[in-house]
Amino acid sequence: MSIKAITGEELIEQKNFAQKVCSMTHAYEQKPLAFVHSYGCQQNVTDGEKIKGMLEEMGFGFTDDKTRADFILFNTCAVRENAVERVFGNIGALKQLKKKNSKLIIAVCGCMVQQSETALRLKKKFPFVDIIFGTHVLHTFPEILCKCIFENRNICEIPDMDGVIAEGIPVKRESAFKASVPIMYGCNNFCTYCVVPFVRGRERSRLAGDVISEVASLVEKGYKDILLLGQNVNSYGKGTDVDFPELLRRLDGLEGEFRIQFMTSHPKDCTERLIDIIADSKKICHHIHLPVQSGSDRILKLMNRHYDCAHYLNLVDYARKKIPDLNLTTDIIVGFPGETREDFEATLGLMKRVCFDSAFTFIFSPRSGTKAAAMEDPIPAEEKGRWFRELLEVQGECGSRSYQRYIGQTVRVLCEGKGRTSDKYYNGKSRQNIIVDFNGDISDIGKFVDVKITQALNWALIGEKIN
Ligand code: SAH
Ligand code: SF4
């Protein structure tokens, strides 16, 4: 299987399908309305923004109210079982809407659909779903919708191909000042617990020129917070002359006041050079999300992570030395198959040693097709639950200690909206990507504001605006 770049002609073909759908939507007295919901990670959210961009081009308006929608789409996630079950529950609830309005079109796409047995279960259980399509054919959505409407039939497009790169798809962004920009798609790492390489295909990077011109045009339009996305951004541009640190360096050189964030960094590919470039930059956030997953070398090996704790700790020490105000966050999996109390205590030890600013913690969820799903897993669910709570307690203490260091400091905040701790405040993020509430007003939204920190919670800072 090879990676395919979608050509200009193929995109023009899709524009023709979009035009045909327009001939139908324009016949409506009022624009037909679409409800689009993306589950899961940021990557999925950006796919949802592309789908909305294509829908807009096809003459749709949008609604947050499913009962008013003419088109409903769930863009699904498959990373953990509970995400899949939630989607199944929500699709089931649409049956009543379809009964009331037979013209309603229901579509399901995304990672969950890309797994053949889940797609089959979906089709069997919910025959009223009109459209099902996988992650690799997102750019053909106009064609899929067109066939469904004009040939009046159910569509299921889940080709067993590898991923593509499609430039030039319209994007309808949720925010006027925050934008996510995928720099690569797919993953080659095959961590033994993870379904992503199976549902997102092999790793492929966009051309540096395409990424840089997209970011430059966003900044020109007034975007101030650019989030670069990839499952393992550190392996961006392999085999080309622009690797990830170089891409960051070039983006940092663009004119204008804006910030660059990125996720996710894999510790095996995170280098001191990358840390040096962040430290020397003007615009790159002082935040690294560096998922460690476990503090036991034995479990890291079983997870196929290709690093050990010593490597991880060296990276953390170097990063904290070079970027003293670094916000370091992580992901942890509890209860990987065969994990013992000793392994778990090693994770607790690592968490205490590193004292992460925050951590996303998950209980292992077996995903069909992955190696870990076939491993023996003797630890009872209740025991995993107890470990999970223990982990949260340790993390809670670290989080609350770490933010105290900001009291009395002034941080530059990009204001995003109403306060998180109280309605009387406005809220934004610092360059460290930490949530900050402050005494702002509505005119601050979308702007940078200096805030003197007066209080620290374990998940946010509170402060006063400085003129
Ligand atoms: N590409 C990123 C994130 C992938 S998914 C990375 O490599 O870090 C986000 C997080 O979900 C992972 O970091 C992991 O902690 C968690 N996760 C993935 N698969 C899981 C599974 N089967 N069970 C529990 N947690 C899982
Ligand atoms: Fe999954 Fe590992 Fe790839 Fe992240 S790096 S997406 S955890 S396989």
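Side-chain atoms are counted along with the backbone in the values below, which use heavy atoms only and exclude waters and symmetry mates. Quick note: residue numbers are just sequence positions, from 1. Atoms within each ligand, like the ligands themselves, are counted from 1 in listed order. All values derive from a computational prediction rather than experimental measurement.
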Distances under 2.8 Å only: what protein N/O/S atoms are near atom 3 (Fe) of ligand 2, ordered by chain and residue?
Cys187 SG

Of all the non-hydrogen atoms in the protein, which one sits nearest to [atom], and at what distance?
atom: atom 8 (O) of ligand 1; answer: Pro291 CG, 3.2 Å
atom: atom 13 (O) of ligand 1; answer: Asp331 OD2, 2.6 Å
atom: atom 21 (C) of ligand 1; answer: Ser365 O, 3.6 Å
atom: atom 20 (C) of ligand 1; answer: Tyr193 CD1, 3.7 Å
atom: atom 6 (C) of ligand 1; answer: Thr264 CG2, 3.8 Å
atom: atom 7 (S) of ligand 2; answer: Tyr193 OH, 3.4 Å
atom: atom 3 (C) of ligand 1; answer: Gln231 OE1, 3.8 Å

Per-atom filter on ligand 2: closer than 4.0 angstrom to a heavy atom of Arg305 are 2 (Fe), 7 (S)

Are any side-chain N or O atoms of [X] and backbone N or O atoms of [Y], one a donor and one an acceptor, separated by less than 3.5 Å?
X: Arg431; Y: Val411; answer: no
X: Asp130; Y: Ile106; answer: yes
X: Lys125; Y: Gly92; answer: no

Those atoms of ligand 1 less than 4.0 Å from some heavy atom in Arg305:
7 (O)

Contact atoms of ligand 1, heavy-atom distance to Phe364 under 4.0 Å
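Near Phe364, meaning under 4.0 Å from one of its heavy atoms, ligand 1 has 23 (N), 24 (C).
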
Between Phe362 and Arg80, is there a cation-pi geometry (under 6.0 Å to ring centre, at most 45° from the normal)?
yes

Compute the minimum heavy-atom distance from Gln293 to ligand 2 and say whether it is under 4.0 Å.
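Distance cut 4.0 Å: Gln293 fails for ligand 2.
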
Would you say the rings of Phe190 and Phe198 are close, in the sense that their centroids are separated by under 6.0 Å?
yes

Ring centres of Phe258 and Phe177 under 6.0 Å apart?
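Ring centroids of Phe258 and Phe177 are no less than 6.0 Å from each other.
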
Measuring from the heavy atoms of Ile363, does anything fall under 4.0 Å of ligand 1?
yes

Contact between Ile333 and ligand 1, counting heavy atoms under 4.0 Å?
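Ile333: in contact with ligand 1 (<4.0 Å).
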
N or O pair under 3.5 Å between [X] and ligand 1:
X: Arg80; answer: yes
X: Arg367; answer: no
X: Gln293; answer: yes

Evaluate the ring planes of [X] and [Y], with Trp represented by its six-membered ring, and classify them as parallel (under 30°), tilted (30 to 60°) or perpendicular (over 60°).
X: Phe88; Y: Phe126; result: tilted
X: Tyr406; Y: Tyr403; result: perpendicular
X: Phe141; Y: Phe71; result: tilted

Please name all residues satisfying side chain to side chain contact (heavy atoms under 4.5 Å, CB included) with Ala279, sequence neighbours left out, ordered by chain then number.
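In terms of side chain to side chain contact (heavy atoms under 4.5 Å, CB included), with neighbours along the sequence ignored, Ala279 is linked to Lys322, Ile323.
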
Under the criterion salt bridge (charged side-chain N to carboxylate O under 4.0 Å, His left out), which of Lys282, Arg412, Lys283 is the partner of Glu257?
Arg412

Please name the pair of heavy atoms, one in Cys77 and one in Met112, separated by the smallest distance, quoted to 0.1 Å.
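Distance-wise, the nearest heavy atoms are O-CB, 3.9 Å.
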
One should read off an interatomic distance between Lys178 NZ and Ile226 CD1, to the nearest 0.5 angstrom, of 11.0 Å

